[in-house]
Protein chains: 6
Amino acid sequence: MSPIAPLPDFQPATGLLASLDLLRVETAGPVLHLRLMRPAKRNAISDPLLAQIHTVLVNLPADIRAMVISGEGEHFCAGLDLSELVERDVGGAVLHSRAWHATFDALQFGRVPVVAALHGAVVGGGLELASACHIRVAEDSAYFGLPEGQRGIFVGGGGSVRIPRLVGVACMTDLMLTGRVLDADEGRATGLVQYRVADGQGLAKAVALAQRIATNAPMSNYAVMHALPRIAEMAPGEGLLTESLMAAIAESTPDAQERLRAFLDKRAGKVVKG
Amino acid sequence: MSPIAPLPDFQPATGLLASLDLLRVETAGPVLHLRLMRPAKRNAISDPLLAQIHTVLVNLPADIRAMVISGEGEHFCAGLDLSELVERDVGGAVLHSRAWHATFDALQFGRVPVVAALHGAVVGGGLELASACHIRVAEDSAYFGLPEGQRGIFVGGGGSVRIPRLVGVACMTDLMLTGRVLDADEGRATGLVQYRVADGQGLAKAVALAQRIATNAPMSNYAVMHALPRIAEMAPGEGLLTESLMAAIAESTPDAQERLRAFLDKRAGKVVKG
Amino acid sequence: MSPIAPLPDFQPATGLLASLDLLRVETAGPVLHLRLMRPAKRNAISDPLLAQIHTVLVNLPADIRAMVISGEGEHFCAGLDLSELVERDVGGAVLHSRAWHATFDALQFGRVPVVAALHGAVVGGGLELASACHIRVAEDSAYFGLPEGQRGIFVGGGGSVRIPRLVGVACMTDLMLTGRVLDADEGRATGLVQYRVADGQGLAKAVALAQRIATNAPMSNYAVMHALPRIAEMAPGEGLLTESLMAAIAESTPDAQERLRAFLDKRAGKVVKG
Amino acid sequence: MSPIAPLPDFQPATGLLASLDLLRVETAGPVLHLRLMRPAKRNAISDPLLAQIHTVLVNLPADIRAMVISGEGEHFCAGLDLSELVERDVGGAVLHSRAWHATFDALQFGRVPVVAALHGAVVGGGLELASACHIRVAEDSAYFGLPEGQRGIFVGGGGSVRIPRLVGVACMTDLMLTGRVLDADEGRATGLVQYRVADGQGLAKAVALAQRIATNAPMSNYAVMHALPRIAEMAPGEGLLTESLMAAIAESTPDAQERLRAFLDKRAGKVVKG
Amino acid sequence: MSPIAPLPDFQPATGLLASLDLLRVETAGPVLHLRLMRPAKRNAISDPLLAQIHTVLVNLPADIRAMVISGEGEHFCAGLDLSELVERDVGGAVLHSRAWHATFDALQFGRVPVVAALHGAVVGGGLELASACHIRVAEDSAYFGLPEGQRGIFVGGGGSVRIPRLVGVACMTDLMLTGRVLDADEGRATGLVQYRVADGQGLAKAVALAQRIATNAPMSNYAVMHALPRIAEMAPGEGLLTESLMAAIAESTPDAQERLRAFLDKRAGKVVKG
Amino acid sequence: MSPIAPLPDFQPATGLLASLDLLRVETAGPVLHLRLMRPAKRNAISDPLLAQIHTVLVNLPADIRAMVISGEGEHFCAGLDLSELVERDVGGAVLHSRAWHATFDALQFGRVPVVAALHGAVVGGGLELASACHIRVAEDSAYFGLPEGQRGIFVGGGGSVRIPRLVGVACMTDLMLTGRVLDADEGRATGLVQYRVADGQGLAKAVALAQRIATNAPMSNYAVMHALPRIAEMAPGEGLLTESLMAAIAESTPDAQERLRAFLDKRAGKVVKG
């Protein structure tokens, strides 16, 4: 594997995005970096932090084409701030969980792909946040768990929808019933993460991936983010029809026609063994 | 990995559960151990053995909160007793398979989580039984196969529903078309089992896991057993709503509120790297 | 792992199958070997090549019971011939993709199982072809990618339906967003391939598997090809009913009854650790 | 429409079925008639009444081949006994609803088809019970509603699963949001009931239908009860495969072969306009 | 049917809602009335009109508990403003349709139920808007069609998702292939509308329904809007579990407990024939 | 309703289509008329007749844009020729049913819409054939039934997939359990047919509809035939994405752009009440 490029020169975001006190938002060209800034609480997601993430997603600058999420301090994110769950009535608890869903759906089905740079604790709601991203990079220090089972509660941030699609129901059942904690290598083996790097290299790797993603045709990225996961949900007979429609649209864009001509004119590279 | 605790002191079950001649049923506190006792037939599942398993499930003592299944002798279970399939008419064959489904559904969607301790042959109907459990522990000696393809028949105990959800359709296709046999490590790599231990340690590991599971809030275990696999089946938009309902219920129980307060008061441990 | 048997003596097919200029078709007993013969184009799939594959599938000799697909030259198949996509209108593009679907559905849901012998590039449409086969064998040289993301297009040969069922949506998302290329071992770890062999041994392994598959009862192979993947798509409650029907039919065939009696008379082998 | 035949001579059931104090169970040949006997409470379904219905279903005499359900007094069934819902904790409420599901699933997916004879109030849980039957006959006096919306609660006896499959989500939404009550003719027009008769004729019509149903081949009735609703749930590509399996099994039974020969020998009637 | 109550005294909305020039927004107690105000264009939905509807939905006053939509002039809404579709590239066309989906999803899955008062043309996008509402009332003059088939286009405002769930695929196929137009009675018979009134009475009927809906417990209305349609989408086995969760939550609210006690104390009415 | 136009001047098909002895095939402009010609057997579908229908579908002349199916003699089609089911083994019975599926799928998902003109018996396999068409017209004499229940068999021509999508599972359950026969008006009320005409007018009405359908843009007809029923099967979240793709493609065709301009230039008619 080739060495990871050094981080580009990130600049603080301006305007509304600069006003969010629980996040640090900065950009380098087409890549935006959102950093959870609640290290004293192991970046636990309180309602205000959740709202600030949602705010970034609906106010993404027009020139941003890929995004990275990371956490300040020793941990990516240790989950939901459990004080949010105490003394809430059952109806309010439903709506509380639905607000998490609205934010994480805005992340997964947003305008740009998101790469998560993971280290330290990635547990509970932190794992739910990570699983809503499109690609996950884990440092050696990363570990994964779902302590909800021990706390007497259940996941409420989309974890029961997204985590089984990464690792299967049996693995998630094990994590919740036994409190098992997976280390970074186990996270890779089970499918929780796609990239493994040494401690301190997660952000650089995530940014490098985001930079590459930003060079794709926007319609291709749209197709991968919006059509691919939905086609995979459909019965095969229905999915194939949708694939044909998506393929026809993508290849009909001027962008694709230009890229195809570049390839046929041998101005673009072939795929070679990595 | 920490050493596995010695087995607790199991006592034979009494009453109806003591009368089952093809099983040995014993309990230690909240954990029940069901052992297949047909070693001369490699614990092949005959109709009477199937009925006895079903009987245990519908007569589980009220204080039991987790369960372990294991097999006496050199093998966990070598499958369906094939003599059951000869000279049965096609209508009767449908109902025979449906009786397996009723028993294994009672296991998967019962009241308490079940851990399987696997060694030796875990093939055919034995693999179907194992895949209906919630967690699987495999000793070195364990091996996995689906000889139905070579016998000219098809799985009929839920295997085509549960095994692809563990290993994927492609792996199960390979097992059935080619008669391939997976060893314990391959079973781990493909997702068939969640824990790998040395020969002779499977039961102790399974019991230790069951003891830990028995300490969870009952509503959390219910949510993991009943809601999680069903949410994972739903289209995401529908699954998220169900997750919110399940989460709201779990966190509204007095048990959860007490556990949350213990955590917030720092009377409960944080998740740390295993 | 035992040594792979030498290739049997393949004879060229005759009649219509001998007239296809972009393929080489040959048979050895019940096994048919179809070889892509466009090595100068890295076996890229043009419309005529696609039509020739479809032609083989609808004209399979009656005595063939298993099939192998391989590629001539240094690569299995480098994908769709991209010149097919230029200057096609959007309606025509839909129908073009649907023709790929018709061919690959005829492969997946045909009369006989198909084993793919993979080496070199298995990318884009080549990976879509491989994923429509029932079992995949990869040599050391094999590598896997989906360059569609970089070309500005989207998969149109069933890739978004079949590849997530092998490796998950997250892995396919990574391949498409970042242009990542997997080597043979990564292909094995992610579930893309079921068998890994040294360079030069892929065809022999694939043929050996096909020979073994050809000895199964035809109804068992039909059940694995046609019922298993569809049952796996169904909600569990519906899938179990279908499994019971399929099991009852398979075990009611004279072929199955004879094989069951052979087993009960101890004329057939037990499953043993591989 | 031809006149409805007079009721056959029903005899009280014996043994366990005679001991149920909230029901009256009687049989005439292959038809069993279960009558709700709590008229002072408008046959509201209390937990004991629910358990008694379940008891009948799991103790159905072997010679019974069809069943009729009716209600004593002025109403079929006015729903759940609401006193069951007061002071129950949220976890207990989940299990309470699941017990209704177990009983009504045993009815819908039991061994014999069930015809409901409806008159007066068929509301709330009473409509849920009726919708779990296979055929519904309504007298002029019958009316249908879901007052749960006005009571501040939600259906919990399978109504949200079964009623939209009869009348559509929009109609059920209207019933629940506005408290609308449908009369017998509106019940027929929306699909809630299949037969409309004058007051006092519901039971005779239901019994006549049950007698006719009892003459069908048991495998045909099994296919209609167990396979048809599940096939209808499947994606079409999957449903068609299951239909082929079910059809092959049904037509392979000796019963079907005899009936087919009778038809071909002109010993059975053709279908003619009613 | 009882006479429809006269309209309550509606007051113009204030603030942001008063600033929308293509709508008239007014309230009477807990009911908000949104009126399309583009009669010269037969209330065709342009992009600005769509955005104004979305704006109302995300700025609904907190005390509103039900909503009515109607159209000024001779028609409810004659559809999409077709000038929006000319000279839009294919990628832009996808996003244009997705904006319709976002608005109509906000309507269907919003906070309060919506009743549509329909008269005159309810065609194309107008029918898509109506079908996203929870209840539809049609005056004699109302007629329904999908001229997209004749225009060479396809529905893009959710029509292919919502209209088949009201009338079936066969009816929608007929409307689109042949240009068939349904009158108000046919709309009632096919399930497009739930209420039929004389010309000039649609708004009063819709408001009366909305007033009644506004008296329900908010959690019951939430359950009907959010849980019921999703449960109906699920496979039955999964839907039943979700129903139990929703029922347990609804009946655990203080509101429900109070209403149940009122009923048991005979302070609330029984359901009687309408 | 306006009077039905007289039949256009149909000419016999030539070439292969003229050689089919169990059908009469004729064309008038863009409309092809296929007539079942086995009146002495009430047009019962034998294997040769099924194969001839399939042959027409795969050899449709390029200028045909819509199709009508009718039956010679007193009945449209009395079903499967039951002699096909006798003495067939269970494996062969599966493949026999699958051949019906292949033919009727080729009809439903073919290149042109198909209108069925129904009279007399439309029962069993005849009803399955009719339900695979896109629009159904029934004369007064038409009647509908599924005698499979009485014959001891089950539907095998797609009936359990297509008929519940027209009339619901409850109605089909009634037809199969009780042998109920629906007349033409009941067929209209339950959704089996879309148009009702007097005896002798079915063919003229069907041809008039086909002529109108033939004037639509081919991409619109493709969208209605191929995308609409599949979108309706998908979960709503997935269906909406597919709708957007299909709408974007349809409106991007030159044909649609020309039709939209004609409308905007007021060269095309508005939708008016029929």
Side-chain angles (χ1 to χ4, degrees), chain B residues 42 78-79 82-83 85-98 100-101 105 120-121 123-124 141-143 145-162 164-165 167-174 176-183 189-190 229-230 233, chain C residues 66 113 115 131 134-136 165-167 189 191-195 209 212-213 215-217 219-221 223-225 227-229 231-237 239-253 255-264 268-274:
Chain B
R42 307 201 307 166
L82 291 178
S83 63
L85 299 187
V86 178
E87 312 253 342
R88 200 183 282 275
D89 69 60
V90 70
V94 173
L95 298 179
H96 184 239
S97 167
R98 297 302 276 166
W100 280 62
H101 292 165
D105 263 11
V123 302
S141 67
Y143 59 94
L146 291 167
E148 283 84 349
Q150 273 70 44
R151 306 280 179 246
I153 58 176
F154 191 63
V155 289
S160 64
V161 169
R162 293 194 182 91
R165 282 162 171 82
V167 301
V169 168
C171 176
M172 181 161 169
T173 297
D174 183 17
M176 290 199 75
L177 286 181
T178 69
R180 184 176 189 167
V181 174
L182 301 179
D183 65 24
T190 55
R230 291 187 173 105
E233 291 298 323
Chain C
V115 184
S131 67
H134 301 90
I135 293 177
R136 283 153 294 278
R165 282 163 171 81
L166 294 174
V167 301
L192 266 185
V193 298
Q194 286 71 54
Y195 294 91
L209 290 166
R212 175 134 193 203
I213 291 168
T215 67
N216 292 340
M219 183 54 78
S220 278
N221 282 352
V224 175
M225 294 172 66
L228 176 59
I231 291 170
E233 291 297 323
M234 297 173 191
L240 290 171
L241 189 273
T242 303
E243 179 188 85
S244 290
L245 302 177
M246 187 71 252
I249 288 173
E251 73 195 52
S252 296
T253 57
D255 198 345
Q257 289 291 317
E258 163 55 25
R259 288 173 188 238
L260 289 171
R261 283 204 190 81
F263 178 81
L264 294 170
K270 292 187 179 179
V271 177
V272 292
K273 202 163 175 176

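Quantities reported herein were computed from a predicted structural model and do not represent experimental measurements. So that the names make sense, note that chain A is the first sequence line, chain B the second, and so on, each numbered from 1.
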Greatest number of heavy atom pairs closer than 4.5 Å to chain C - which of Ala170(B), Pro164(B), Gly168(B), Gly158(B): Gly158(B)
Looking only at heavy atoms and a cut-off of under 4.5 Å, which of Glu233(B), His101(B), Arg162(B) has the most pairs with chain C? His101(B)
Between chain C and each of Ser83(B), Gly91(B), Ala189(B), Gly179(B), count heavy-atom pairs under 4.5 Å; write down the option with the most. Ser83(B)
I need the residue from Val115(C), Ile213(C), Leu166(C) with the largest number of non-hydrogen atom pairs under 4.5 Å to chain B. Ile213(C)
Quick check for you: to the nearest 0.5 Å, what is the distance between Thr178(B) atom OG1 and Tyr195(C) atom OH? 3.5 Å
Count the heavy-atom pairs under 4.5 Å between each of Ala78(B), Ala93(B), Gly92(B) and chain C, then report the option with the highest count. Ala93(B)
So does Arg98(B) pair up with Asp105(B), basic N to acidic O under 4.0 Å? no
How many angstroms lie between NE2 in His134(C) and OG1 in Thr173(B), if you round to the nearest 0.5 Å? 7.5 Å
With a 4.5 angstrom heavy-atom cut-off, could you sort out which part of Val123(B) is near chain C: side chain, backbone, both or neither? side chain
Among Ala217(C), Ser252(C), Ala66(C), the residue with the most heavy-atom pairs under 4.5 Å to chain B is Ser252(C)
Under the side chain to side chain contact (heavy atoms under 4.5 Å, CB included) test against Gln257(C), which residue among Leu260(C), Thr253(C), Asp255(C) passes? Leu260(C)
Taking the side chain as every heavy atom from C-beta outward, state whether Met176(B) and Val155(B) have any atom pair closer than 4.5 Å. yes
Pair count under 4.5 Å, heavy atoms only, with chain B: among Leu264(C), Asn221(C), Ile249(C), Leu245(C), highest is Leu264(C)
Using non-hydrogen atoms only, which part of Gln150(B) is less than 4.5 Å away from chain C: side chain, backbone, both, or neither? both
Quick check: do Pro113(C) and Ile135(C) have side-chain heavy atoms less than 4.5 Å from each other? no
Roughly how far, to the nearest 0.5 Å, is the CG atom of Leu240(C) from the CD atom of Glu243(C)? 6.0 Å
Rounding to 0.5 Å, atoms CZ (Arg259(C)) and CG (Asn216(C)) come to a distance of 6.5 Å
Is it the side chain or the backbone of Met225(C) that comes within 4.5 Å of chain B heavy atoms, both, or neither? neither
Against chain C, label Arg165(B) side chain, backbone, both or neither, depending on which of its atoms sit under 4.5 Å from a heavy atom there. side chain
Flag the one option from Glu148(B), Arg42(B), Arg230(B) with the top tally of heavy-atom pairs under 4.5 Å to chain C. Arg42(B)
Of all of Gly145(B), Ala142(B), Gly149(B), which one pairs up most often with chain C through heavy atoms under 4.5 Å apart? Gly149(B)
Rounding to 0.5 Å, atoms CG (Leu209(C)) and CG (Leu177(B)) come to a distance of 9.5 Å
